Amino acid sequence: MIQVFNTLTRQKEPFTPIRAGEAGLYVCGVTPYDDCHIGHLMGPVLFDAVSRWLLARGLRVRFVNNITDIDDKIINRAKASGESWKAISERYTEQYFTCMRRLHVRTVTDHPRCTEYIPQMIAYIGDLVAKDRAYVAADGVYYDVLKQPDYGKLTGRRLDDMISGSRVERDAGLRHPADFALWKLAKPGEPSWDSPWGGGRPGWHIECSVMSLGTLGETFDIHGGGDDLKFPHHENEIAQGEAHGGSYARCWMHNGLIQYEGVKVGKSDPRMKDPAFAQRFKAVHLIDEHGAAVLRFLVLQGHYRRPSEFAEKAITAARTALAKMHRQFGELLDEPLMDTGRESDFLAEIAARPASPAVSSHRDGFFSAMDDDFGTGSAIAHLFSILSEARKLEPAQARQALIIARDLGRSIGLFQPGDGADTSSAEAASSKLSAVMELVIALRQQARANRAFATSDRIRDALTAAGITVKDAKDGASWILGGASDQAMERVMALVIGLREQARTDKDFAASDRIRDGLAATGITLNDGTSGTQWTAI
RNA sequence: GGCGCCAUGGCGGAGUGGCUACGCAGCGGAUUGCAAAUCCGUGUACCCCAGUUCGAUUCUGGGUGGCGCCUCCA
């Protein structure tokens, strides 16, 4: 039995689908008007894990993640840049999709867009007006909050408090300051759709109510979104939804937000004024820099309801931990995913595999952790324990245990084929090239100073083969890269390792250590194994 | 002013009325030319004060501190 924490009731409740064997999940997506912030991916990653688990537990899941592709922010951006609002929203929507793909978010079934639902929205608003739950004002149609006796029930607030509270401002045209726009009449030059109230566009909130109705029905199982959307967005969705159809989402799930050094990194965070600070939270940048697997692991290691710390230290710790797992999986990590249409069979099959008592007990622990409000952090802890157990087992049994851990992880989107690259050297290669080249040039200069021209020429030849041209000048040497940096890195490292190998063969350990130390200073470590020396970049 | 969340060992982060996750870092040892990786071992932490209890980090009340929302936000 799966338990889910419902924000509406503030307690865990057994998950009982409206239609047996099916689950309807709606998670608020983005308004695509700017580069994707890592916070925008929290919902997709977290709810993808939720969705995968529901699938694994035998439910058919319809997972809707909307795109609010028309909004004031997009229009303002278009006005400022001269680009069309359509081009802007399409570009950033595409970026959002790309980030999701890279983060292995695979379970979303629908991405409805606002602009595809305009007629339905107009009908919906018309219904609210007809029911006297909305009214026409000078600049649009507004929802009448006073007609909703329990308005504010999701976040436990009362209308009176909000007025005295401060920032809700009186507007002469509205019946109540908390009334919100369902339809906004267009000003000249703004995008506009015809409606009974005049040309305009939908207000914020209405799109989610209408698109969830269109995809999942009037009432559905789970509505998710970021913690900051509780108010006013979700509160207003509930108001509309209940005014329209009587009942709306049954269960509300809210994910914690991204923070840096304990403080939320949001739109209006003063720190965001620093371009360098803003840059580090851009999704594309983070994925490039740290790898999707590491980020997914970091997020899943915590609990979905709690904030997620994205300080450098936290990311590094996540990478180290994941790298350790990846190393232990070895080639098992890259084995293809099981092709299974019915996830539950897959999970049942994992549960049925033979395992040592300790492994079996942690496998059970994984199931319980996930069933209890999707405790991914605790579930991952059991994975670590299985790996730890595996080290004590005979090779054949150990392999079985590793496969169990891998497949459990895969049930929530971890350990995908190719993930190893995110924790290995390849990613970091290009940025390290110039640091290593500095060392290589120094080694060559030294060889020349010692009149060891054989070594010096060997270095130049190897660099040439790597696509690097060396130029000697009076005041030192410089180099130019002709080809791809990652390939050059591999070759240069092979050269450096070869040089060190030579020194070791000559028992010149001082020289050998100078090379190791020089590399270590640039963040590259060498591992002398039985099959040769491997290198790893941090 | 209103509503809510959280306080766990050096750090991150689960969890439980008594059996003290997990990861990172640290320390000791094995291994290694030296390292790295790996392996073995190692740390009785739970904001403060009352109360309930045989027993509380875990429950109740109060306090303190941090954070979030009440404006745009995922």
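Every chain is numbered from 1 and lettered A, B, ... according to where its sequence line falls, protein lines coming before strand lines. Since this is a predicted model, take the numbers as computed values, not measurements.
- Taking atom P in both B:G18 and B:C3, the straight-line distance is 34 Å, to the nearest Å.
- In terms of position on RNA chain B, the residue among A:L298 and A:Y33 whose nearest nucleotide sits closer to the 5' end is A:L298.
- For A:R327, taking side-chain heavy atoms from C-beta onward, the closest of the listed nucleotides B:A74, B:G33, B:A37 is B:A37.
- Across B:U44 and B:A37, the matching C1' atoms stand 31 Å from one another, rounded to whole Å.
- The listed nucleotides are B:A74, B:G33, B:C72; the one nearest the side chain of A:K73 is B:C72.
- Taking only side-chain atoms of A:D528, from C-beta outward, the nucleotide of B:C73, B:G2, B:C34 with the closest atom is B:C34.
- Using atom C1' as the reference point in both B:U16 and B:C59, the two lie 12 Å apart (nearest Å).
- Rounded to an integer number of Å, the gap from A:I515 CD1 to B:C34 P is 18 Å.
- Comparing the same atom, C1', in B:G33 and in B:A25 gives a spacing of 28 Å after rounding to whole Å.
- Nucleic acid contact class of A:R500 (heavy atoms, under 4.0 Å, all strands): base.
- Heavy atoms of A:V27 sit nowhere under 4.0 angstrom from any nucleic acid atom.
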Indicate for each nucleotide in nucleotides 13-27 of chain B, in 5' to 3' sequence, whether protein heavy atoms under 4.0 Å reach the base (B), only the sugar-phosphate (S), or nothing (-). SS------BSSS---
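- The distance between atom CG of A:L526 and atom P of B:U32, rounded to the nearest whole Å, is 19 Å.
- In this structure, the side chain of A:H382 does not engage the main chain of A:A379 through any donor-acceptor pair within 3.5 Å.
- Checking A:N66 against A:T68 by side-chain atom types alone, a donor-acceptor pair falls below 3.5 Å.
- With rounding to the nearest 0.5 Å, the separation of CG in A:D227 from CE in A:M253 is 12.0 Å.
- We find that CZ of A:R305 is positioned 16 Å from C1' of B:C67, with the value rounded to whole Å.
- Mapping A:G262 and A:S268 onto RNA chain B by nearest heavy atom places A:G262 at the nucleotide closer to the 5' end.
- With salt bridges taken as basic N to acidic carboxylate O contacts below 4.0 Å, one links A:K282 and A:D35.
- Salt bridge status for A:K267 with A:D228: absent, with no side-chain N to carboxylate O gap under 4.0 Å.
- Rounding to whole angstrom units, CG of residue A:N66 and P of B:A74 are separated by 10 Å.
- In this structure, of B:G68, B:C72, B:A74, it is B:A74 that holds the atom nearest to the side chain of A:H40.
- Stems are defined here as 3 or more consecutive Watson-Crick or G-U wobble pairs with pairing distances under 3.5 Å; those involving RNA chain B are B:1-7 with B:64-70, B:10-12 with B:22-24, B:26-30 with B:38-42, B:47-51 with B:59-63.
- With rounding to whole Å, A:Q11 atom CD is found 16 Å from B:G4 atom C1'.
- Taking atom CG on A:N255 and atom C1' on B:C6, their separation rounds to 17 Å, with Å as the unit.
- One atom, CG of A:L174, and another, P of B:U71, lie 14 Å apart when rounded to the nearest Å.
- Backbone-only contact: A:T155 has heavy atoms under 4.0 Å from sugar-phosphate atoms and none from a base.
- Taking every side-chain heavy atom of A:F509 into account, B:G33 is the closest of B:G4, B:C70, B:G33.
- At a threshold of 4.0 angstrom between heavy atoms, the contacts of A:I258 include nucleobase atoms, whether or not backbone atoms are also involved.
- Of the listed nucleotides (B:A74, B:A36, B:G33), B:G33 has the atom at the smallest distance from the side chain of A:D513.
- Among A:D528, A:V492, A:L519, A:T533, the one residue that satisfies the side-chain contact (heavy atoms from CB on, under 4.5 Å) test with A:I497 is A:T533.
- Distance alone, capped at 3.5 Å, is enough to place a donor-acceptor pair between the A:R296 side chain and the A:L103 backbone.
- Atom CD of A:E394 has 12 or fewer heavy atoms from other residues, nucleotides or ligands within 6.0 Å.
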Would you please test A:D72 and A:K184 for side chain to side chain contact (heavy atoms under 4.5 Å, CB included) and show each step? CA-CA 10 Å; A:D72 290 2; A:K184 294 179 172 184; 2.9 Å; yes
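- Taking the P atom of each, B:C22 and B:G15 are spaced 15 Å apart, rounded to whole Å.
- For A:R504, the side-chain atoms get nearest to B:G33 when compared with the rest of B:G33, B:C73, B:G4.
- Looking at A:E235, its side chain does come within 3.5 Å of a backbone N or O of A:T155 through a donor-acceptor pair.
- The residue A:V265 sits close to a base: some heavy atom pair falls under 4.0 Å.
- Residues in residues 291-321 of chain A take part in no ring pair (Phe, Tyr, Trp, His ring centres under 6.0 Å) pair, two or more places apart or across chains.
- With rounding to whole Å, A:L103 atom CG is found 14 Å from B:A74 atom C1'.
- The separation of B:U20 from B:C46, taken at their P atoms, amounts to 15 Å, rounded to a whole angstrom.
- Rounded to the nearest Å, the gap between the P atom of B:U38 and that of B:G61 is 47 Å.
- With distances taken from any side-chain atom of A:V30 to the nucleotides B:A74, B:C72, B:C70, the minimum falls on B:A74.
- In the interface, the side chain of A:R158 is not paired with the base of B:C3 through any donor and acceptor atom under 3.5 Å apart.
- Relative to the ring axis of A:Y260, A:R271 does not place its NZ or CZ within 45° and under 6.0 Å from the centre.
- Nucleotides B:U71 and B:G2, compared at atom P, are 16 Å apart to the nearest Å.
- The phosphate of B:C69 (OP1 or OP2) has a side-chain N or O of A:K264 nearer than 4.0 angstrom.
- Backbone-only engagement by A:G226 is indicated by non-hydrogen atom pairs under 4.0 Å involving sugar-phosphate atoms exclusively.
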